[in-house]
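Below: one structure, written as structure tokens.
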Amino acid sequence: RAHERLPDLNLVRGAQPKSTRLDVTADAGEAWTISVDVPWLEAVPASGTGPATVRLRFDGDALALLDDPTGVVTISGPGGGTSRKLFCRR
């Protein structure tokens, strides 16, 4: 698959961030990897094969210290990848 839609991932400053579920809809046997470009977000698991449910976990303490927290989540596989930018609103 060349592209899949990632959910809108907007955070509200001051709210306690919760983990967010992300469904990977890969074909059976298709490998995938999720990368994030910020230290306040973690994808668990960060890689796998076939369909899976991934948890995006936010570090609320780290987010509270940032003036403009934004980040990018990228899902990659043999057919390409798709990215979604994360925003934290005041």
Side-chain angles (χ1 to χ4, degrees):
R1 295 185 179 119
H3 299 281
E4 292 193 35
R5 176 155 167 43
L6 293 177
D8 292 329
L9 299 169
N10 292 319
L11 305 174
V12 177
R13 182 166 306 269
Q16 182 64 17
K18 299 176 183 175
S19 66
T20 298
R21 183 176 131 166
L22 178 65
D23 293 320
V24 177
T25 57
D27 293 330
E30 181 181 12
W32 51 266
T33 302
I34 297 179
S35 61
V36 296
D37 71 341
V38 291
W40 46 263
L41 178 64
E42 177 185 27
V44 179
S47 63
T49 304
T53 298
V54 173
R55 284 275 176 213
L56 297 178
R57 296 182 183 163
F58 300 91
D59 180 342
D61 294 334
L63 278 171
L65 299 173
L66 301 173
D67 289 329
D68 183 26
T70 59
V72 176
V73 175
T74 304
I75 300 177
S76 301
T82 187
S83 296
R84 171 68 75 176
K85 194 165 200 174
L86 303 175
F87 297 97
C88 184
R89 297 177 284 157
R90 292 194 185 275

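Along the sequence shown, residues are numbered consecutively beginning with 1. The shown structure was predicted, so the numbers you read here are calculated from the model rather than taken from an experiment.
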Would you be so kind as to tabulate the donor-acceptor pairs closer than 3.5 Å made by side chains of residues 32-39, with sequence neighbours excluded?
from  : atom 1 : to    : atom 2 : distance (Å)
Trp32 : NE1    : Gly50 : O      : 2.8
Asp37 : OD1    : Val72 : N      : 2.7

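Thr53 places none of its side-chain heavy atoms less than 4.5 Å from the side chain of Leu22. At a threshold of 4.5 Å between non-hydrogen side-chain atoms, the residues Leu56 and Val44 do not count as touching. Annotation: side chain of Pro45 is in contact with side chain of Val54 (closest heavy-atom distance under 4.5 Å).
Rounding to the nearest 0.5 Å gives a distance of 4.5 Å between OG of Ser19 and CZ of Arg55.
Residues passing the side chain to side chain contact (heavy atoms under 4.5 Å, CB included) test with Ala62, sequence neighbours excluded: Trp40, Asp59.
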